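Heads up: numbering here begins at 1 and tracks the sequence. Note that the structure is predicted; figures quoted are calculated from it, not measured.
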Amino acid sequence: MVQLSQTSWQEFSLSNFMETLRYAPMNLKVDGSPILHYTLPSELTAGAIIKYHILVGFKRINWTGIISSAADNQITVRLDKGPFRGFTAKHSFSAQDSMTICQDEMSFQGFVDISEEEFAGIVNKASIVYGIFARQDTRNVMLAVESQKKTQAFEALEESATAG
């Protein structure tokens, strides 16, 4: 079994932070150390899917977890699909003044693609990266695209109404 645990403080309000984690980061800089990031679903409810990624140089390990419980900004996750036989995680978020405290605990069991020793070496060097600014970039692009679609739909409707 391989475990990863990390606590960090983010300089964003809890509500802003939680909303931003719903967008995948547009781009993340990967230097020599492996990074892990995850994307929350639009609603934190049992049965919703969380997407996880570990980036190691040009290698990417992807899997999904299914939320088994979610309450009071605490999420418990179990494996949905991925290169492991078992995965569990607990994510907790709490407000402290104008900051958000993030506590993440993950446990991996039974590796399909690589040996446990190799994966343990990756995880021991890994850190969880939240990439808030990269996620905000994604959100801005998605909102701009949605706005453009609505504008085009409105213009098409207006043109069809005046065409006759």
Side-chain angles (χ1 to χ4, degrees), residues 4 6-68 70-84 87 89-106 108 113 122-123 125-162:
L4 172 66
Q6 179 176 304
T7 300
S8 62
W9 288 259
Q10 301 294 317
E11 295 184 11
F12 300 93
S13 70
L14 178 61
S15 61
N16 184 5
F17 184 78
M18 296 296 289
E19 190 268 334
T20 304
L21 283 182
R22 291 180 166 94
Y23 295 91
M26 183 168 281
N27 57 35
L28 291 173
K29 183 179 179 180
V30 181
D31 51 18
S33 300
I35 62 170
L36 185 151
H37 70 89
Y38 56 88
T39 305
L40 296 179
S42 57
E43 292 196 32
L44 298 177
T45 58
I49 300 294
I50 297 178
K51 297 177 183 177
Y52 295 87
H53 310 279
I54 293 180
L55 306 171
V56 186
F58 292 112
K59 185 175 184 164
R60 181 181 192 122
I61 302 170
N62 302 309
W63 71 99
T64 56
I66 189 165
I67 296 175
S68 52
D72 301 323
N73 296 318
Q74 293 188 14
I75 307 162
T76 304
V77 182
R78 60 182 165 77
L79 181 65
D80 177 46
K81 295 178 187 169
F84 322 108
F87 167 76
K90 182 178 178 184
H91 306 287
S92 300
F93 309 96
S94 58
Q96 183 179 37
D97 301 323
S98 63
M99 298 179 74
T100 298
I101 301 171
C102 312
Q103 296 176 305
D104 297 290
E105 298 174 12
M106 299 178 195
F108 306 87
D113 297 337
I122 292 170
V123 170
K125 296 176 191 170
S127 62
I128 298 171
V129 174
Y130 298 100
I132 297 302
F133 295 114
R135 292 172 190 266
Q136 289 172 340
D137 289 345
T138 302
R139 179 182 57 199
N140 292 342
V141 167
M142 291 177 76
L143 291 174
V145 167
E146 189 63 31
S147 176
Q148 182 66 26
K149 284 181 185 178
K150 288 180 181 178
T151 300
Q152 288 173 343
F154 179 75
E155 288 172 352
L157 179 63
E158 187 176 78
E159 286 177 17
S160 67
T162 59

Using side chain to side chain contact (heavy atoms under 4.5 Å, CB included), reason through F12 and M18 one step at a time and then give a plain yes or no. CA-CA 9 Å; F12 300 93; M18 296 296 289; over 6 Å; no

Summary of salt bridge (Lys or Arg N to Asp or Glu O under 4.0 Å) pairs that have at least one residue in residues 44-53, sequence neighbours excluded: none

Report yes if some heavy atom in the side chain of L21 is under 4.5 Å from a heavy atom in the side chain of R135; otherwise report no. yes

Any chance you could measure F84, atom CZ, to W63, atom CH2, to the nearest 0.5 Å? 4.5 Å

Could you go through residues 39-50 and list every donor-acceptor pair under 3.5 Å that involves a side-chain atom there, pairing it with any protein atom two or more places apart or in another chain?
none

Stepwise side chain to side chain contact (heavy atoms under 4.5 Å, CB included) check, H37 with Y52: CA-CA 6 Å; H37 70 89; Y52 295 87; over 6 Å; no

Contacts satisfying salt bridge (Lys or Arg N to Asp or Glu O under 4.0 Å) that involve residues 9-27 (not counting sequence neighbours) are E19-R139

E105: partners by salt bridge (charged side-chain N to carboxylate O under 4.0 Å, His left out), with sequence neighbours left out: none

Check whether any side-chain heavy atom of Q136 lies under 4.5 Å from a side-chain heavy atom of T20, and answer yes or no. yes

Would you check if Q6 and M106 make a side-chain contact, meaning some heavy-atom pair closer than 4.5 Å? no

How long is the gap from CD1 on I101 to CH2 on W9, to the nearest 0.5 Å? 6.0 Å

Within this structure, what is the OG-CD distance for the pair S94 and Q103, rounded to the nearest 0.5 Å? 6.0 Å

Could you state the interatomic distance from CZ (F108) to CD1 (I61), rounded to the nearest 0.5 Å? 8.5 Å

Using atom types as modelled, flag every donor-acceptor pair under 3.5 Å from a side chain in residues 71-81 to any protein atom, sequence neighbours excluded.
residue : atom : partner : partner atom : Å
T76     : OG1  : S69     : OG           : 3.4
D80     : OD2  : T64     : OG1          : 2.9

Just say parallel, tilted or perpendicular for the rings of F93 and Y38, cut-offs at 30° and 60°. tilted

Tabulate below the donor-acceptor pairs under 3.5 Å that side-chain atoms of residues 125-134 make, not counting sequence neighbours, or state none.
residue : atom : partner : partner atom : Å
Y130    : OH   : D104    : OD2          : 2.3

Evaluation steps, side chain to side chain contact (heavy atoms under 4.5 Å, CB included), between I54 and K59: CA-CA 8 Å; I54 293 180; K59 185 175 184 164; over 6 Å; no

